[in-house]
2 protein chains.
Amino acid sequence: MATSSRLSRSSRSISSVEALRSGKADLSTAAPEFGRHSIAGVAEQAGVSVATVSRVLNGHDNVRPATRDRVLAAIKASGYRVNELARNLRTAESHLLLTMVPDIGNPFYAEILRGIDSVAHEHGYFMLLCDTGADLGRERSYFDLLRQHRADGAICLDPAAIHQALAEDSDTLPWVACCEFDTSVGVPYVGIDNYTAAGDAVRHLLARGHRRIGLINSADSYLYAQHRELGYLGALCAAGIAPDPRWRMTVTNLDYAAGGAAATALMQLADPPDAVFAVSDTLAIGVIAGLREAGWRVPDDIAVVGFDDISLAAQVDPPLTTIAQPMRELGETAARLLLQRLANPHASVPGVLLPHRLVVRKSA
Amino acid sequence: MATSSRLSRSSRSISSVEALRSGKADLSTAAPEFGRHSIAGVAEQAGVSVATVSRVLNGHDNVRPATRDRVLAAIKASGYRVNELARNLRTAESHLLLTMVPDIGNPFYAEILRGIDSVAHEHGYFMLLCDTGADLGRERSYFDLLRQHRADGAICLDPAAIHQALAEDSDTLPWVACCEFDTSVGVPYVGIDNYTAAGDAVRHLLARGHRRIGLINSADSYLYAQHRELGYLGALCAAGIAPDPRWRMTVTNLDYAAGGAAATALMQLADPPDAVFAVSDTLAIGVIAGLREAGWRVPDDIAVVGFDDISLAAQVDPPLTTIAQPMRELGETAARLLLQRLANPHASVPGVLLPHRLVVRKSA
DNA sequence: TTGAAAGCGCTAACAC
DNA sequence: GTGTTAGCGCTTTCAA
């Protein structure tokens with residue numbers, strides 16, 4: 001294929017471009033008759049029993065080298081692959097880890113997912129990813145995957161699930177919470193100290209001389225939103241400032257547009273803030289865009305602090321000052337907690353708080 | 001465990017953070033004993049045979065209503081859930097669709113993923129997401145999931161796989177290509193006409209009076225990169241312009257940083273371009289950031305056109321002019337093609353090209 | 001060291 | 001309409 005794919009590039013490309021234009025390339029597909037062999041076939045071919053093949057397959061050492069070689073040869077010759085479905089049924093595990101994320105599109109989750117994925121692979125697991133859209137119904141159906149034994153355990157990054165945890169049997173299921181968590185439920189979790197982190201953001205603003213500090217927050221049904229609001233309030237109070245309640249905006253979505261809309265609303269107040277703390281970088285980036293559109297300069301007219309430190313934060317204009325969460329580590333830890341719980345269902349699994357840090361750039 | 005996990009947070013967190021960081025948490029495997037009931041238990045409880053329970057479970061209509069009710073009651077009372085592992089073994093399908101994406105972090109893929117997910121769910125499938133990191137080895141191991149019957153089919157968004165397709169048996173496996181595809185291979189695909197799309201981008205720049213147009217492209221091992229380069233070249237030639245080869249930059253990564261670096265390099269030429277076409281929005285956003293850092297104004301000093309139209313494109317400063325791909329539809333179509341292929345392995349599945357469009361904003 | 005055989009939990013013939 | 005039963009492909013005692 002190396003050679004055939006290296007046919008004069010231009011000629012091939014052009015013809016294929018033409019084929020593409022028409023959009024009509026017909027692809028008569030051959031029958032995918034994959035995996036016809038079973039362990040019995042291999043056994044027969046190697047002149048041994050299925051038990052022996054199984055032993056070889058699983059690397060048991062009680063097989064004579066000569067026998068092993070014969071089996072290995074038969075496997076190779078037949079192109080045999082283990083049917084994991086059968087193996088899973090037998091061993092009662094799927095080696096799949098369910099990950100529920102509220103919004104795949106939010107770059108905040110991408111790095112967390114990578115962390116989960118890497119640890120999962122290290123331990124022979126695959127990640128079954130589900131976008132819940134923060135919808136309770138869908139979430140519930142995803143938990144069913146656990147009940148149906150289609151996944152061995154779950155990592156939930158989705159706030160909506162947490163509250164459900166108490167009400168249903170989901171607390172008997174093998175899952176852990178990541179980022180959004182309730183320490184008072186018996187579910188293992190990993191996250192950061194949202195209260196302190198939000199306080200850090202606000203204290204930074206305070207240190208820069210801002211006194212009129214707005215907050216753009218998620219609905220307080222989210223625990224992290226509650227904690228960040230408390231952190232915001234706490235820092236302000238400690239500085240002897242009574243925050244204007246009109247400066248607290250609630251959004252139902254963390255996307256760019258929501259940030260822009262909230263910022264616009266904020267600046268239309270008779271008495272607008274001179275700084276804003278948004279509880280997500282995506283929100284903050286939307287805020288900056290909205291502000292710019294309305295003719296305000298950041299940080300001169302109004303300072304902006306975000307939360308998360310997604311890779312984009314450094315790229316926008318002005319680069320975003322934000323609270324960094326250790327995203328990759330958050331994901332890795334969540335996966336380890338879950339694996340730990342699976343390995344030892346009766347042991348108590350700890351809750352973990354990871355450190356955050358303030359990253360000062362130009363927006364505040 | 002609820003109580004034992006309620007130990008003072010600080011002390012617990014610290015020790016566990018250390019254990020987890022080390023990655024050495026020991027994971028001796030024990031049997032997770034959830035879901036103790038089987039279909040036999042339900043049958044017994046309802047005073048019927050397992051076959052009848054199975055019939056009820058699968059909604060067959062040859063069951064007397066009274067019997068059905070009895071079974072349903074028994075199911076409810078026992079909290080029984082189907083063991084999908086067993087069902088899958090029996091029916092030889094997992095109802096899992098594998099999706100291979102080169103980089104979860106690239107927002108371009110997020111909307112495609114949503115499209116896939118929605119169609120998959122509509123048809124009772126779940127999406128098993130794998131980040132290949134554009135790595136051939138990992139990709140290969142993901143294809144193994146198909147061979148092992150752990151997934152029924154796959155959607156591959158990853159360039160690296162395409163070339164592999166010819167060389168290995170992967171062309172007998174049930175998969176489809178999305179976004180990156182080779183019309184000359186017998187694999188169903190969906191994508192856009194990259195040649196024309198790139199041409200449209202360049203013609204827009206031409207129409208705005210630019211003549212010195214640079215290109216920031218992926219390595220030409222990618223088919224889409226080849227086609228876009230051809231489109232770029234074609235449009236330039238048609239306008240009677242001989243493009244300076246030094247204005248063509250190749251990046252090995254589509255992230256923001258790569259765009260910034262390429263832009264910087266471009267502008268250090270003795271004779272820099274006055275416009276740049278980047279083959280990805282993430283790249284283009286990095287270009288803008290890099291340019292700004294170096295003191296260039298967009299679009300006054302240099303115009304920038306991107307590709308994809310991710311949601312962020314409208315948020316950056318200046319808002320990005322770009323080629324929009326119908327991302328959601330791309331994903332939906334890919335899923336449909338795959339489902340179609342699964343439903344009818346012998347039918348020929350078409351290749352599909354979806355329309356793109358130029359979105360003019362302020363960067364060019 | 002190897003084999004025979006019993007299931008894992010389910011579906012689908014095939015009987016009644 | 002309902003029950004009996006034979007597997008799906010594998011792992012794992014238990015014997016030999």
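Numbers restart at 1 for each chain; the letters A, B, ... are given by sequence-line order, proteins then strands.
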Please test A:Ile39 against A:Glu44 for side-chain contact (heavy atoms from CB on, under 4.5 Å), starting from the C-alpha separation and ending with a verdict.
CA-CA 9 Å; A:Ile39 201 172; A:Glu44 191 182 356; over 6 Å; no
[X] [atom1] - [N] [atom2] separation (whole Å):
X        : N      : atom1 : atom2 : result
A:Ile39  : D:dG7  : CD1   : P     : 18 Å
B:His60  : D:dG3  : NE2   : C1'   : 16 Å
A:Asp69  : C:dT2  : CG    : P     : 11 Å
B:Arg90  : C:dT11 : CZ    : P     : 9 Å
A:Glu93  : D:dC10 : CD    : P     : 16 Å
B:Asn88  : D:dC10 : CG    : C1'   : 15 Å
A:Glu44  : D:dG9  : CD    : P     : 14 Å
B:Gln148 : D:dC10 : CD    : P     : 11 Å

Take A:Asp158 and A:Arg138 through the test salt bridge (charged side-chain N to carboxylate O under 4.0 Å, His left out) and record every step on the way to the result.
CA-CA 11 Å; A:Asp158 192 327; A:Arg138 300 182 63 182; over 6 Å; no
How large an angle, rounded to 10°, do the end axes of the helix from C:dT1-D:dA16 to C:dC16-D:dG1 enclose when each is built from five base pairs?
40°
Let me know which of B:Val82, B:Asn58, B:Val48, B:Val63 forms a side-chain contact (heavy atoms from CB on, under 4.5 Å) with B:Val53.
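The passing option is B:Val48.
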Would you say the side chain of [Y] lies within less than 4.5 Å of the side chain of [X], judging by non-hydrogen atoms?
X        : Y        : answer
B:Leu113 : B:Leu129 : yes
B:Cys156 : B:Val176 : no
B:Cys130 : B:Thr99  : no
A:His95  : B:Arg150 : yes

Tell me, which of residues 51-58 of chain B have any heavy atom that sits under 4.0 Å from an atom in DNA chain D?
B:Ala51, B:Thr52, B:Arg55
So if I take residues 73-85 of chain B and measure heavy-atom distances to DNA chain D, which residues fall below 4.0 Å?
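Those residues whose heavy atoms fall under 4.0 Å from DNA chain D, taken from residues 73-85 of chain B, amount to none.
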Would you say D:dG9 has OP1 or OP2 under 4.0 Å from some side-chain N or O of A:Ser38?
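No, outside the criterion.
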Look at the side-chain N and O atoms of A:Arg87 and state whether any lies under 4.0 Å from the OP1 or OP2 oxygen of D:dT11.
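Checking A:Arg87 against D:dT11: at least one side-chain N or O falls below 4.0 Å of OP1 or OP2.
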Look at the aromatic rings of A:Tyr189 and A:Phe181 and report parallel, tilted or perpendicular, splitting at 30° and 60°.
parallel
Starting at the 5' end of DNA chain D and moving along, which residue's nearest nucleotide shows up first, B:Val50 or A:Thr91?
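Counting from the 5' end, the first nearest nucleotide belongs to B:Val50.
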Closer than 3.5 angstrom, by distance alone: can the side chain of B:His149 be matched with the main-chain N or O of A:Leu85 as a donor-acceptor pair?
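Side chain of B:His149 to backbone of A:Leu85, a donor-acceptor pair under 3.5 Å: no, none is there.
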Taking only the side-chain heavy atoms of B:Val48 (C-beta and beyond), determine which of C:dT2, D:dT11, D:dG3 contains the nearest atom.
D:dG3
Donor-acceptor pair between B:Ser94 and B:Asp152 side chains, under 3.5 angstrom
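Indeed, the side chains of B:Ser94 and B:Asp152 share at least one donor-acceptor pair under 3.5 Å.
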So, are A:Arg114 and A:Asp117 salt-bridged, with charged N and O less than 4.0 Å apart?
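Between A:Asp117 and A:Arg114 there is no salt bridge, as every charged N stays at least 4.0 Å from the carboxylate O atoms.
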Please determine whether side-chain contact (heavy atoms from CB on, under 4.5 Å) holds for the pair B:Asp182 and B:Val187, giving the CA-CA distance in whole Å, both sets of side-chain angles, and the decisive distance to 0.1 Å.
CA-CA 8 Å; B:Asp182 187 339; B:Val187 173; over 6 Å; no
